[in-house]
Q: 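Supplied in structure tokens, the structure appears directly below.
Proteins come first, then strands; the chains are lettered A, B, ... in the order of their sequence lines, and each starts at number 1. Below, all heavy atoms of this structure are taken into account, side chains as well, without hydrogens, waters or symmetry copies.
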Protein chains: 2
Amino acid sequence: MIVILLYLRIKFFSMISLLSNLKIAVPDKIFIKDPESSDLGKRIIEHSILLIDDIGFDSFTFKKLGAQIGSNESSIYRYFESKHKLLLYLTSWYWAWIEYQMVFATHNVADENDQLLRAIDVVTRTIKEDVAFTHINEIVLNRIIINEYSKSYLTKEVDSENKEGYFVVYKRVIRRLSDIISHVNPDYEFPSSLASTIVEGALHQHFLKAHFSSITDCGKDVTPTEFFISLTQKVLKTTTDESR
Amino acid sequence: MIVILLYLRIKFFSMISLLSNLKIAVPDKIFIKDPESSDLGKRIIEHSILLIDDIGFDSFTFKKLGAQIGSNESSIYRYFESKHKLLLYLTSWYWAWIEYQMVFATHNVADENDQLLRAIDVVTRTIKEDVAFTHINEIVLNRIIINEYSKSYLTKEVDSENKEGYFVVYKRVIRRLSDIISHVNPDYEFPSSLASTIVEGALHQHFLKAHFSSITDCGKDVTPTEFFISLTQKVLKTTTDESR
DNA sequence: GCAAAAATGATAGTAATACTATTATATTTG
DNA sequence: CAAATATAATAGTATTACTATCATTTTTGC
């Protein structure tokens, strides 16, 4: 019965509804208490996204967040041991959501280059619609990723945190893209570097578009998606006269 | 007389000595008092580089720096109004130094593609030799750029600081590279995005190499330089059957 | 329906940060 | 050598990033 209902919802409401039934999996060492497990937890996530977007991660504090949600600083500390861990949670959630879309978008697509185009689209596009079935506003979260993601790994603790598995989701997204690249052109020598360059580069181009428009071609007419699709197609095109 | 001496030094000691005669120009709104103008100033720069590399920018404070150089916190504040401004100083200095090398490396090179290869080499290579004529250790500074550069612009104040001219040097480096790209292939549609992707992407690949080796091909055998040269050559190669 | 457990809230406290301000002491320079 | 300038020392402030404790509310298991 549940299975049938689920199936119908998938058919009828497509991905948007599917997501409301699935739980995005975040490595559980990141939090002390799962924010998805309570109302307060969900409010913490919902409003931390809005507040970080508003004042920036550097100015964001648990005290300010507490004020926003009418809760206490000390209660937030029962979910996350630091604001850095909260950022790791948000970014992991984001990449898990991207991963899900990538799998969904490429599934059952026969042509491998077509798969690649769809995968690149998923990781480079601007999020324009809030799924709105959850407490997480993906449009705003996407902005946070553009503006703050680097700060989650540009720390002295990267290596130990990496060992703890805090970046697995991100790495998995890149490896999936890398695998698709290798399928399209098995002779290409740098699939992982190309994949990581696309993912990181797309965030960067979005940032430049908003703040340093003179050093990007992305803007009104050109999207990061177009730029990276063009680039990837050219890089992977096997020319017969592959000189030296 | 001075002119003749300078000329001789250039001829005799080449770039290393040239740099010891030239002063790298940093936008002067970044500092309160020019650190190049005094002994204390130079010690601030020299040891801030070492200390940031050692403990990371996030843990770095003027108090700790003062302790290292046997000086007082309050004296450092007379040179820079905040540690953020000091980071802007270091990064501007770095990009000015890179710009200088780029101009030097491409000057008088007849073949335009050769110019491009040299320019890419300058912005993507690992710095392996300290020029050692100044108080600035370029090897260590390069590591700081890899680990901390993004933090200089991923702030809520980017737009106002950009207006103040704090990022001009960086943007000029990218524009120079973009211009060279356009000369090699005037029909290529995204020279600025390609240039910014190479510069930022190279820093990222260096970072991945050190901390997330599973999502890059760069490592022992492959350098970011090789990856980006290969990529750029493929992207700019004009194929006659440019389909659609 | 109630007791125990769990969750949340309120308050206080700490060491460190990112500064500003003031005054004292060197050092430079005209 | 006096005046100006640079540096050092000290103190103070508001905020941050927490930890700890205790009180209150909510949930749950029987």
Side-chain angles (χ1 to χ4, degrees), chain A residues 28-48 51-52 54-90 135 148 151-152 154-157 160-161, chain B residues 28-48 51-52 54-90 135 148 151-152 154-157 160-161:
Chain A
D28 62 2
K29 275 193 168 178
I30 291 179
F31 47 76
I32 298 170
K33 181 181 173 175
D34 186 358
E36 287 295 325
S37 71
S38 74
D39 190 65
L40 177 62
K42 284 176 201 152
R43 265 161 53 233
I44 289 172
I45 298 307
E46 178 180 3
H47 287 89
S48 65
L51 188 55
I52 291 172
D54 190 27
I55 65 176
F57 184 68
D58 299 336
S59 302
F60 170 86
T61 68
F62 282 179
K63 197 171 190 178
K64 290 174 187 170
L65 177 59
Q68 291 269 324
I69 62 179
S71 178
N72 200 277
E73 196 189 358
S74 61
S75 303
I76 301 167
Y77 274 105
R78 288 211 186 76
Y79 286 84
F80 295 100
E81 72 181 60
S82 65
K83 70 169 180 170
H84 176 244
K85 285 285 176 75
L86 172 55
L87 180 61
L88 288 175
Y89 180 91
L90 297 179
H135 50 289
E148 321 284 1
K151 296 174 191 169
S152 76
L154 294 180
T155 67
K156 277 279 159 182
E157 297 79 33
S160 62
E161 293 188 345
Chain B
D28 63 2
K29 274 192 168 180
I30 290 178
F31 46 78
I32 298 170
K33 181 180 171 174
D34 185 357
E36 287 295 325
S37 71
S38 74
D39 189 66
L40 177 63
K42 285 176 200 153
R43 264 160 52 231
I44 289 172
I45 298 308
E46 179 181 1
H47 287 90
S48 66
L51 188 55
I52 291 172
D54 190 27
I55 65 176
F57 184 69
D58 298 337
S59 300
F60 170 86
T61 69
F62 281 179
K63 199 170 187 178
K64 289 174 187 170
L65 177 60
Q68 291 269 323
I69 62 179
S71 177
N72 200 277
E73 195 189 359
S74 61
S75 303
I76 301 168
Y77 273 105
R78 287 211 186 75
Y79 286 84
F80 295 101
E81 72 181 62
S82 64
K83 71 170 181 170
H84 176 243
K85 285 287 176 73
L86 172 55
L87 180 62
L88 288 175
Y89 181 91
L90 297 179
H135 49 289
E148 322 283 1
K151 295 174 192 169
S152 75
L154 294 179
T155 67
K156 276 279 158 183
E157 297 80 31
S160 62
E161 294 190 343

Q: Nearest of dT7(D), dA18(C), dT8(C) to any side-chain atom of Tyr77(B)?
A: dA18(C)
Q: Over how many whole Å does the gap from Ile32(A) atom CD1 to dT19(D) atom C1' extend?
A: 12 Å
Q: Check for a donor-acceptor pair, side chain of Lys64(A) on one end and backbone N or O of Ile55(A) on the other, with a separation under 3.5 Å.
A: no
Q: In this structure, how many angstroms lie between the P atom of dC19(C) and the CZ atom of Phe60(B), rounded?
A: 12 Å
Q: What's the CZ-P distance between Phe62(B) and dA9(D), to the nearest Å?
A: 18 Å
Q: Using side chain to side chain donor-acceptor pair (under 3.5 Å), reason through Ser48(B) and Tyr89(B) one step at a time and then give a plain yes or no.
A: CA-CA 11 Å; Ser48(B) 66; Tyr89(B) 181 91; over 6 Å; no
Q: What is the distance, to the nearest angstrom, from the CD atom on Glu81(A) to the P atom on dC18(D)?
A: 8 Å
Q: Got a list of protein N/O to nucleotides 23-30 of chain C N/O distances below 3.5 Å?
A:
none

Q: Just to confirm, is there a sub-4.0 Å distance from OP1 or OP2 of dT27(D) to any side-chain nitrogen or oxygen of Ser38(A)?
A: no
Q: Choose from dA17(D), dT7(D), dT8(C) the nucleotide whose nearest atom is closest to any side-chain atom of Tyr79(A).
A: dT8(C)
Q: Return the value, rounded to whole Å, for the distance between atom CG of Asp58(A) and atom C1' of dT15(D).
A: 15 Å
Q: Indicate yes or no for a side-chain donor-acceptor contact from Ser160(A) to the backbone of Glu157(A) under 3.5 Å, with no hydrogens or angles considered.
A: yes
Q: Between dT15(D) and Lys63(A), is there an OP1 or OP2 to side-chain N/O distance shorter than 4.0 Å?
A: no
Q: Just N and O in the side chain of Thr61(A): are any of them under 4.0 Å from OP1 or OP2 of dA17(D)?
A: no
Q: If you count the non-hydrogen atoms of other residues, nucleotides and ligands that lie under 6.0 Å from NZ in Lys63(A), is the total more than 12?
A: no
Q: Taking the nucleotide of DNA chain D with the closest heavy atom to each, which residue, Lys64(A) or Ser74(A), is nearer the 5' end?
A: Lys64(A)
Q: Which whole-number value in Å describes the distance from Lys33(A) NZ to dA6(C) C1'?
A: 8 Å
Q: Distance-only, no hydrogens or angles: does the Lys33(A) side chain make a donor-acceptor pair with backbone N or O of Tyr77(A) under 3.5 Å?
A: no
Q: Would you classify Glu73(A) as touching base, sugar-phosphate or nothing, given that sugar-phosphate means primed atoms plus P, OP1 and OP2, and contacts are heavy atoms under 4.0 Å?
A: base
Q: Would you kindly give the CG-to-C1' distance between Leu65(B) and dA18(C), to the nearest whole Å?
A: 14 Å
Q: Does OP1 or OP2 of dC19(C) have a side-chain N or O of Lys83(B) closer than 4.0 Å?
A: no
Q: Nearest-Å distance, CG (Leu86(B)) to P (dA18(C))?
A: 12 Å
Q: Using modelled atom types and a 3.5 Å cut-off, is there a donor and acceptor pairing between side-chain atoms of Lys156(A) and backbone atoms of Phe57(B)?
A: no
Q: Taking the inter-plane angle between the rings of Phe62(B) and Phe60(B) on a 0 to 90° scale, is it parallel (under 30°), tilted (30 to 60°) or perpendicular (over 60°)?
A: perpendicular
Q: Starting at the 5' end of DNA chain C, which residue's closest nucleotide do you reach first, Asn72(A) or Ser82(B)?
A: Asn72(A)
